Amino acid sequence: MSITRGKFKLRVMEGGSIDSQIVVVLGENGTGKTTFLRLLAGSLRPDRVESSDAGMPEINVSYKAQIMQSVSTFTVRTLLHRRIPDSYTQPQFVSVVMEPLQIDKLMDKPVVKLSCGELQRVSLCLCLGKPADVYLIDEPSANLDSEQRLAASEGRRFVDCTATAPRSLLSGMRHFLSVISFSYSSHVYLVCFLPSFSNQDRKLEYISYLPF
Ligand SMILES: Nc1ncnc2c1ncn2[C@@H]1O[C@H](COP(=O)(O)OP(=O)(O)OP(=O)(O)O)[C@@H](O)[C@H]1O
């Protein structure tokens, strides 16, 4: 399938995935990461589907957008209660996702008063707490300061499944993968990152691995 946005054209070829797979999508600004995720999330429609394509399969997705805004006057606690009622009290989810993201400090704040980084943490928590087959996570580390990035990884399990990926690609993403690849093991995660190096071809790149 393909989509044209202004002068930008993205063509997506059919692929496959297996349970417990993490696919990291890397590309510089404007290479189409968000467009690709929004196609998968169903918030953008392709303008062409080739007849050879099987089309989009029926999948349950949980999508964390890159840019988040909220005018909700609810507190974070109320939002979690309404949106992820089962997950946010589940001990495993609390210890593997909510504690590293330090959601407890934000519980009584109105969502509308959260800073960009605080909203990013809550959005990541909401995304991971929603039951889904595929988690689409656009730039999970955007807006977080380095302390928060470290806090998100502290004490977390990280299975070093990244040995075959170039080290330069991995900086900045390891700590998030430790949170993201938590033990709901039968799901697929697509995570977008800006690369930490310059890619002269300006192509999207994919690294896929199995953390379990
Ligand atoms: N609504 C739109 N109208 C016209 N062009 C658009 C629109 N939205 C996106 N584009 C163009 O599509 C291209 C891909 O954008 P996209 O947001 O998918 O890139 P990205 O890789 O996620 O970038 P970034 O790293 O900056 O978030 C860009 O060139 C952008 O200018």
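All ligand and atom numbering here is 1-based and tracks the order in the structure. Values in this document were obtained by computation on a predicted structure and should not be read as measured data.
- Of all atoms in ligand 1, numbered sequentially from 1 with element shown, those under 4.0 Å from a heavy atom of Thr31 are 19 (O), 21 (O).
- With a 4.0 Å cut-off on non-hydrogen atoms, Glu28 touches ligand 1 through its backbone and not its side chain.
- With no hydrogens or angles considered, a side-chain donor-acceptor pair links Ser43 and Arg38 at under 3.5 Å.
- Linking ILVMFWY side-chain heavy atoms closer than 4.5 Å, directly or via other members, places Leu79 and Val112 in two distinct hydrophobic clusters.
- Counting the atoms of ligand 1 from 1 in the order shown, those under 4.0 Å from a heavy atom of Thr35 are 14 (C), 15 (O), 16 (P), 18 (O).
- Taking CG of Leu106 as the start and CG of Leu80 as the end, the distance is 9.5 Å to the nearest 0.5 Å.
- In terms of polar-atom proximity, defined here as any N/O pair under 3.5 Å, Gly30 does make such a contact with ligand 1.
- Once rounded to the nearest 0.5 Å, the distance linking NZ of Lys9 with CZ of Arg48 reads 6.5 Å.
- Residue-ligand proximity, Gly6 to ligand 1, at heavy-atom distances under 4.0 Å covers atoms 4 (C), 5 (N).
- How far CZ of Arg83 is from OG of Ser123: 8.0 Å, rounded to the nearest 0.5 Å.
- Residue contact check: Lys33 has heavy atoms under 4.0 Å from atoms 18 (O), 19 (O), 20 (P), 21 (O), 22 (O), 23 (O), 24 (P), 25 (O) of ligand 1.
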